[in-house]
Every structure is written in structure tokens, then in C-alpha cells.
Colleague: 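Okay, handing you the structure first.
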Amino acid sequence: MTDTIFAPATAPGQAAVAVVRLSGPQTAQALAALAGRLPRPRMATLRVLKTAGGQPIDQALALWFPAPASYTGEDSAEFHVHGGAAVVAALLQALAAQGLRLAEPGEFTRRAFENGKLDLAQAEGVADLIAAETEAQRRQALDQLDGALGRAQAGWRDALVEALAMFEAAVDFPDEEVPADVASRAGPHLDHLISELEAALQGVQRAERVREGFRIALIGAPNAGKSTLLNALAGRDAAIVTATPGTTRDVIEAHLRLGGYKVVLADTAGQRETEDEIEAEGVRRARAWSQDADLRIWVVDGSGQAPAPPPPGLKAGDLCVISKADLPPGAETGRAQLESRALELELHRISARETADLTALETLLTDHVVAALAGSEPPAATRLRHAALLGEALERLQLARRHQDDLELAAEDVRLAGRALDRITGRIHPEDVLDRVFSSFCIGK
């Protein structure tokens with residue numbers, strides 16, 4: 001028999017209300033024992049909750065959700081109690097005394113998946129919605145929870161079935177009255193599918209950046225003003241600022257919201273040759289972080305005299321910021337202008353002390369972020385797991401196209417493509433994949 005589980009559904013700490021959830025075959029028995037009798041289904045009812053010994057726990061709202069009309073598809077219930085830690089602890093203790101088990105992270109949503117209430121991609125959307133910090137993350141997660149990827153996958157699978165039927169007809173019934181060109185008719189279906197999967201794969205990187213954050217690296221020579229700029233944009237002292245070159249030894253990240261999107265802004269170690277082992281490791285990490293960044297900002301000391309060549313890794317479309325614009329300009333300014341033009345960088349001169357300068361830079365960065373992440377509609381596939389399976393299916397379809405003269409090989413390639421697509425939504429789900437997906441959830445969800 002399946003265990004009956006319980007868990008707080010709200011964060012720990014003092015609050016006006018705390019919610020405790022139950023799910024499983026003993027839910028009705030536990031609910032009636034604590035609340036005196038079962039409430040009417042899906043109607044919040046005020047009850048005094050009591051222990052098995054008759055001691056009152058709290059005056060609370062009790063809700064009863066008989067199966068299958070519940071989040072998990074099982075008999076479920078909720079208690080809405082006052083949010084004091086002692087109240088919640090007493091309720092949890094009373095539930096445990098009835099033989100119920102504390103839920104593991106993600107166990108409620110896993111049961112919803114196993115009972116057909118959600119597909120695996122929708123379950124991942126639940127996790128993303130809980131973790132959403134920005135409006136863009138919320139929209140993307142809600143679209144995922146609404147089944148966008150499942151609907152796309154269903155369409156892809158229908159086309160696969162159509163193509164597979166043509167191949168199998170040619171293989172299994174060669175002497176029947178099957179059109180001679182039946183196998184070749186699968187070609188357009190495969191071409192359309194290949195195009196669809198390529199487009200879906202292109203959207204995954206954008207979706208990953210929406211969820212994890214658009215990455216911007218501040219790079220340049222030591223003491224160029226990178227840490228000062230990071231603190232100014234973050235609105236707090238995230239990085240230590242001194243006149244000593246090489247103060248920053250590691251990558252320091254600050255999270256911003258620009259244009260409704262999450263942005264990870266990183267201050268990196270000043271890039272120079274050094275025999276200091278710790279600083280050299282900082283430079284290595286700086287180069288690795290900036291290489292993977294979506295945008296690099298080359299920060300140049302506008303008051304400096306010594307020329308500083310562009311750091312490695314700059315790309316066309318990156319930015320060049322001449323810092324310390326409130327100080328007398330040095331020879332570096334002219335050099336930076338020449339170098340930035342050669343690299344096709346956008347050039348800006350700012351002082352971190354000037355609000356107008358920072359506002360202009362924030363506007364520029366927002367434009368970059370929105371241009372990179374905004375689209376006419378959210379991507380259907382949003383995770384690296386989706387990308388791996390889409391890539392596997394795409395590779396199999398491309399092989400099927402090349403094997404079209406060998407009908408049995410082509411049919412097997414199409415079958416394997418369908419199997420990869422089925423794993424996206426969990427129609428085929430190795431247990432280790434489920435463990436990995438649901439272990440990232442919080443307890444109570």
C-alpha cells in the first residue's frame with residue numbers, strides 16, 4: 001500500500017498562516033481524527049484540531065480533496081493553521097503519531113506525475129514556477145506548466161508515427177497493393193520534423209538564460225574600475241574596492257533584474273601576467289567565466305597613462321566602458337577608442353559616481369538583455385535535459401533520412417527518435433531520471 005505523506009507547504013519561520021498538506025490512502029482517516037469529521041469536499045471549513053489525546057492544537061481551516069480530483073490524484077487534504085513554529089510542530093507531531101510519513105522533497109509532485117496529473121515537463125514547470133524570481137521566469141514556467149512542451153511533443157510524435165507507418169508498410173507488405181513510393185512519401189514528414197526539432201533546440205539556450213540569468217562579465221586590467229562599477233550597478237558593496245591592483249582574486253557575482261529578466265553580473269580578477277599563484281588562479285577563472293558569458297564589458301581606466309591591450313575573449317558586439325570619467329583623461333582613452341573600433345565594440349565613457357551615466361549604462365544593458373532573451377513566444381523546450389533528448393531525436397531522424405534506401409534501418413531510426421521524444425514528457429522514464437528531476441523540489445511540493 002502507498003504511504004500517506006504529509007509536509008509543510010509554506011516556508012519555515014513566523015508567519016500569519018502556515019499550510020500543511022497530506023496525500024495518500026489514510027488521508028481521510030487522519031483528517032477526521034484531527035478535525036472531528038470530514039469537511040465537505042473542496043470547501044474550507046473552520047475546525048479546532050485536536051491530538052489523539054484530545055488536546056487542542058489550533059483553530060484552523062481544513063480542506064478535503066477526495067481522489068481523483070486533487071493535485072496528486074490521491075485523497076488529499078490541507079490544514080491552514082496559524083504560522084507560529086510551535087503550532088506547526090504540534091500539528092506535524094500529531095500527524096506522525098497517526099503513522100503518516102514526512103514527505104520527501106518533490107514527493108507530492110512526483111505522485112501527481114505518476115498518477116497522470118502532470119507530464120514530466122509540466123512537473124519541471126512546477127519547480128521553475130516555485131523558483132521564479134522575475135516576470136520572464138514566471139511566464140516561461142507557467143507556459144511549461146500549462147503543457148506547452150507536451151503539446152509540441154505530441155505533434156512531433158504524430159508526425160513520427162505517420163512516417164514510421166509508411167516505412168513499415170513498405171517493409172512488411174512488399175507484395176501487397178501498397179504504392180511503390182510509399183517509403184519516399186515519408187521524406188517530407190522527416191524533413192518537417194528535422195526543421196521543428198532544430199528550431200526547438202535553438203530556443204533551449206534562450207530558455208536556460210531566462211531561468212539561470214543572462215551572464216555579463218566585467219573584464220579588464222587590474223584597478224580599471226571593475227569592482228566600483230559592479231557595486232554601483234548592484235546598488236551595494238558586493239566587491240572590495242581599494243587602490244591596490246589585484247584586489248579581486250575570484251569571480252564575484254551580483255544578481256540584477258533588467259527588463260524583467262534575471263542578470264548575473266560578474267566582477268573578475270584583473271587580467272595580467274603574474275607570478276602570484278592565487279592571483280593567477282583568479283585570472284584563469286576570470287577568463288573561463290567571461291568566455292561563457294553572454295556579454296563582456298571591457299572596463300578601461302580613462303585616467304590611466306599606461307596602454308592596456310584588449311583582454312582575450314572579446315567579441316564583436318561586446319561593450320567597452322571607459323571608467324573614472326570624473327578624473328582627468330589619460331592616454332588610455334585614445335587607445336581604447338582605437339581598439340574598440342577595431343573590435344566593433346560599443347564605446348561608453350562613464351563615472352560610477354554619476355547617476356545619469358549609470359542610468360544610461362543600465363538602459364544599454366537592458367536593451368542587450370531584452371534583444372537576446374525576448375521572443376514572440378516562450379520556447380517549448382527549456383532545460384538541458386530537453387536539449388539532450390531533442391538532439392538525440394534529431395540525430396536519429398537525420399540518420400533515417402540518409403538510410404531511406406534501407407527501409408528497415410530507416411524505420412529503426414524513426415522508432416529510436418520517438419523513444420527519445422517520449423522521455424521528454426516521461427512516457428518512458430528511467431527511474432534515475434525521475435530521482436534527479438524531483439530531488440530538486442522543496443519539501444511540501
Side-chain angles (χ1 to χ4, degrees), residues 213-258 262-274 276-314 318-330 332-333 335-336 340 345-366 368-369:
F214 186 88
R215 294 160 64 88
I216 301 176
L218 300 175
I219 60 177
N223 210 26
K226 301 184 297 297
S227 297
T228 299
L229 183 57
L230 176 86
N231 291 344
L233 290 171
R236 61 185 179 88
D237 291 334
I240 298 173
V241 177
T242 74
T244 304
T247 300
T248 301
R249 299 291 186 94
D250 205 347
V251 176
I252 299 172
E253 297 180 357
H255 291 187
L256 313 177
R257 289 190 181 92
L258 298 177
K262 179 180 177 180
V263 172
V264 182
L265 179 67
D267 178 19
T268 63
Q271 299 191 24
R272 65 175 177 178
E273 296 299 322
T274 177
D276 184 301
E277 185 177 354
I278 298 176
E279 186 178 357
E281 175 61 17
V283 172
R284 186 196 67 78
R285 294 186 183 189
R287 287 174 177 167
W289 207 101
S290 63
Q291 179 66 32
D292 291 337
D294 302 295
L295 179 69
R296 284 145 294 275
I297 302 178
W298 174 26
V299 182
V300 177
D301 181 356
S303 66
Q305 298 298 319
L314 280 172
D318 287 339
L319 303 181
C320 177
V321 167
I322 301 176
S323 67
K324 307 180 185 180
D326 51 317
L327 300 178
E332 189 65 23
T333 303
R335 173 67 179 268
S340 65
L345 307 182
E346 294 185 60
L347 182 68
H348 294 269
R349 183 176 176 85
I350 73 163
S351 167
R353 298 179 181 179
E354 295 293 333
T355 302
D357 288 356
L358 290 174
T359 300
L361 181 58
E362 284 182 356
T363 299
L364 178 64
L365 294 179
T366 299
H368 274 267
V369 173

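None of these values were measured; they are calculated from a predicted model.
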Colleague: Under 3.5 Å, side chain of K226 to main-chain N/O of A221, donor-acceptor pair present?
Modeller: yes
Colleague: Taking the side chain as everything from C-beta on, heavy atoms only, tell me whether I322 gets closer than 4.5 Å to V299.
Modeller: no
Colleague: Could you pull out the closest heavy-atom pair between H255 and K262, with the gap in Å?
Modeller: ND1-CE, 3.6 Å
Colleague: Can you find a heavy atom in the side chain of V369 that is under 4.5 Å from one in the side chain of D294?
Modeller: no
Colleague: What's the spacing between H368 NE2 and T363 OG1 if we round to 0.5 Å?
Modeller: 11.5 Å
Colleague: Rounded to the nearest 0.5 Å, what separation is found between the CD1 atom of I252 and the CG atom of D267?
Modeller: 5.5 Å
Colleague: Measuring from H348:NE2 to I297:CD1, what's the distance to the nearest 0.5 Å?
Modeller: 9.5 Å
Colleague: Should L229 and L361 count as side-chain neighbours, where that means a heavy-atom distance under 4.5 Å?
Modeller: yes
Colleague: Return the minimal non-hydrogen interatomic distance between W298 and G220, and the atom names on each side.
Modeller: CD1-CA, 4.0 Å
Colleague: For a side chain to side chain contact (heavy atoms under 4.5 Å, CB included) with L365, tell me which candidate from L265, I216, V263 qualifies.
Modeller: I216
Colleague: So which heavy atom on L256 is nearest to which on A234, and how close?
Modeller: CD2-CA, 3.7 Å
Colleague: Would you say the side-chain atoms of D318 pair up with the backbone N or O of L295, donor to acceptor, closer than 3.5 Å?
Modeller: no
Colleague: Here's a test for you: under side chain to side chain contact (heavy atoms under 4.5 Å, CB included), which of L319, L230, T228 qualifies with L218?
Modeller: L230
Colleague: Grab the two heavy atoms, one from G213 and one from V264, that are nearest each other, plus how far apart they are.
Modeller: CA-CG2, 4.3 Å
Colleague: Roughly how far, to the nearest 0.5 Å, is CD of Q291 from CZ of R215?
Modeller: 11.5 Å
